[in-house]
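A short write-up of the structure that comes next.
Below, chain A is the first sequence line, B the second, and so on; all start at residue 1. Side-chain atoms are counted along with the backbone in the values below, which use heavy atoms only and exclude waters and symmetry mates.
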Amino acid sequence: ILNVEQSPQSLHVQEGDSTNFTCSFPSSNFYALHWYRWETAKSPEALFVMTLNGDEKKKGRISATLNTKEGYSYLYIKGSQPEDSATYLCASRGNDYKLSFGAGTTVTVRA
Amino acid sequence: KAGVTQTPRYLIKTRGQQVTLSCSPISGHRSVSWYQQTPGQGLQFLFEYFSETQRNKGNFPGRFSGRQFSNSRSEMNVSTLELGDSALYLCASSLARGRFLETQYFGPGTRLLVL
């Protein structure tokens, strides 16, 4: 099982501000990196899956980048809105196919 | 298309008892994975089933077991419950075609409390 770390554990951002946070994963035996958004009382929802070094994905105001050589991914939220409040999970899939999740970054957007 | 469903949503058991949780995947999805989440921890992988066979397994004791039926529905069983088994149990389904890039779709979870 891969060791995936996310930082910070939580953050507060003012509505309209942009923010970003990190997912670190072992770069050896890496196959894919997944990002999920998990809102309170809902199921985790898939945001992105990335596999190639330098990959960038975008969905509305949320985007993500991937660096497989150094083993990290950034998730960016541009112009944060209250509905962006959620826990963002990253998960790395290694060659054993298992998804190893980080503990998440909880984002709270203040109006 | 209906999403992943899990039953029951909440469960209270006492130490030593056993429990069975159920997961119905999205129609057409053949892979079902189970995860445990405890406070402060990420989702911990329990096991994955595909075509009624366990295809992958996490680092959990043998008290945790599962199975998958021919309609892809899956059950997870925990025997001899311990206080530390109190957690949110999530299942996720996927088509299981392009395995490494495949997105998993999660159910709402079953919250188990062991007293």
Side-chain angles (χ1 to χ4, degrees), chain A residues 1-10 21-26 28-53 55 57 59 64 66 68 73 86-106, chain B residues 1-7 9-10 23-26 29-51 53-60 66 87-111:
Chain A
I1 297 286
L2 301 176
N3 186 22
V4 178
E5 297 182 351
Q6 293 186 246
S7 63
Q9 184 177 356
S10 64
F21 37 93
T22 308
C23 171
S24 300
F25 55 89
S28 60
N29 299 322
F30 167 84
Y31 272 85
L33 193 285
H34 296 250
W35 280 101
Y36 286 85
R37 174 169 58 198
W38 194 358
E39 296 178 67
T40 302
K42 293 187 178 180
S43 308
E45 172 197 4
L47 287 173
F48 309 114
V49 55
M50 298 180 288
T51 186
L52 298 176
N53 186 48
D55 254 355
K57 297 275 184 172
K59 185 176 183 179
L66 179 66
T68 61
S73 175
T87 295
Y88 292 82
L89 300 173
C90 71
S92 182
R93 197 187 291 278
N95 60 2
D96 60 359
Y97 184 62
K98 296 175 186 176
L99 263 185
S100 182
F101 280 83
T105 293
T106 299
Chain B
K1 220 179 219 185
V4 179
T5 58
Q6 292 187 245
T7 56
R9 295 292 310 278
Y10 303 92
C23 173
S24 292
I26 292 172
H29 284 196
R30 299 170 64 192
S31 168
V32 173
S33 297
W34 288 89
Y35 296 88
Q36 180 198 65
Q37 194 207 28
T38 50
Q41 299 289 317
L43 298 179
Q44 303 293 315
F45 173 73
L46 281 154
F47 28 64
E48 182 212 359
Y49 285 87
F50 175 77
S51 292
T53 301
Q54 188 181 85
R55 188 160 67 173
N56 224 331
K57 190 177 187 306
N59 298 324
F60 278 80
L88 178 68
Y89 291 88
L90 289 165
C91 81
S93 74
S94 65
L95 286 165
R97 287 180 186 167
R99 294 183 67 195
F100 288 100
L101 299 181
E102 203 153 63
T103 294
Q104 293 189 338
Y105 296 84
F106 283 85
T110 293
R111 189 165 294 280

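When heavy atoms are compared at a cutoff of 4.5 Å, A:Y36 approaches chain B solely by way of its side chain, counted from C-beta outward. Of the two parts of B:Q104, the backbone and the side chain both hold a non-hydrogen atom closer than 4.5 Å to a non-hydrogen atom of chain A. Residue B:Y105 does not touch chain A at all, counting heavy-atom pairs closer than 4.5 Å. Contacts between B:L46 and chain A at a heavy-atom distance below 4.5 Å are absent for every atom of the residue.
For A:Q9, the CD atom counts as loosely surrounded, since its 6.0 Å shell holds 12 or fewer non-hydrogen atoms of other residues, nucleotides or ligands.
The ring of B:F45 has its center no closer than 6.0 angstrom to the ring center of A:F101.
The candidate with the highest count of non-hydrogen atom pairs below 4.5 Å against chain B, out of A:A46, A:A91, A:P44, is A:P44.
Looking at every heavy atom in both residues, B:E102 comes nearest to A:R93 through O-NH2, 3.3 Å. Taking both residues in full, the closest heavy atoms of B:N56 and A:D96 are given as ND2-O, 2.7 Å, listed atom of the first, atom of the second, then distance.
No side-chain heavy atom of B:V4 sits less than 4.5 Å from a side-chain heavy atom of A:S43. Side-chain contact between B:R55 and A:Y97 is present, with at least one heavy-atom pair separated by less than 4.5 Å. Residues B:Q37 and A:W38 meet the side-chain proximity criterion, which asks for heavy atoms closer than 4.5 Å.
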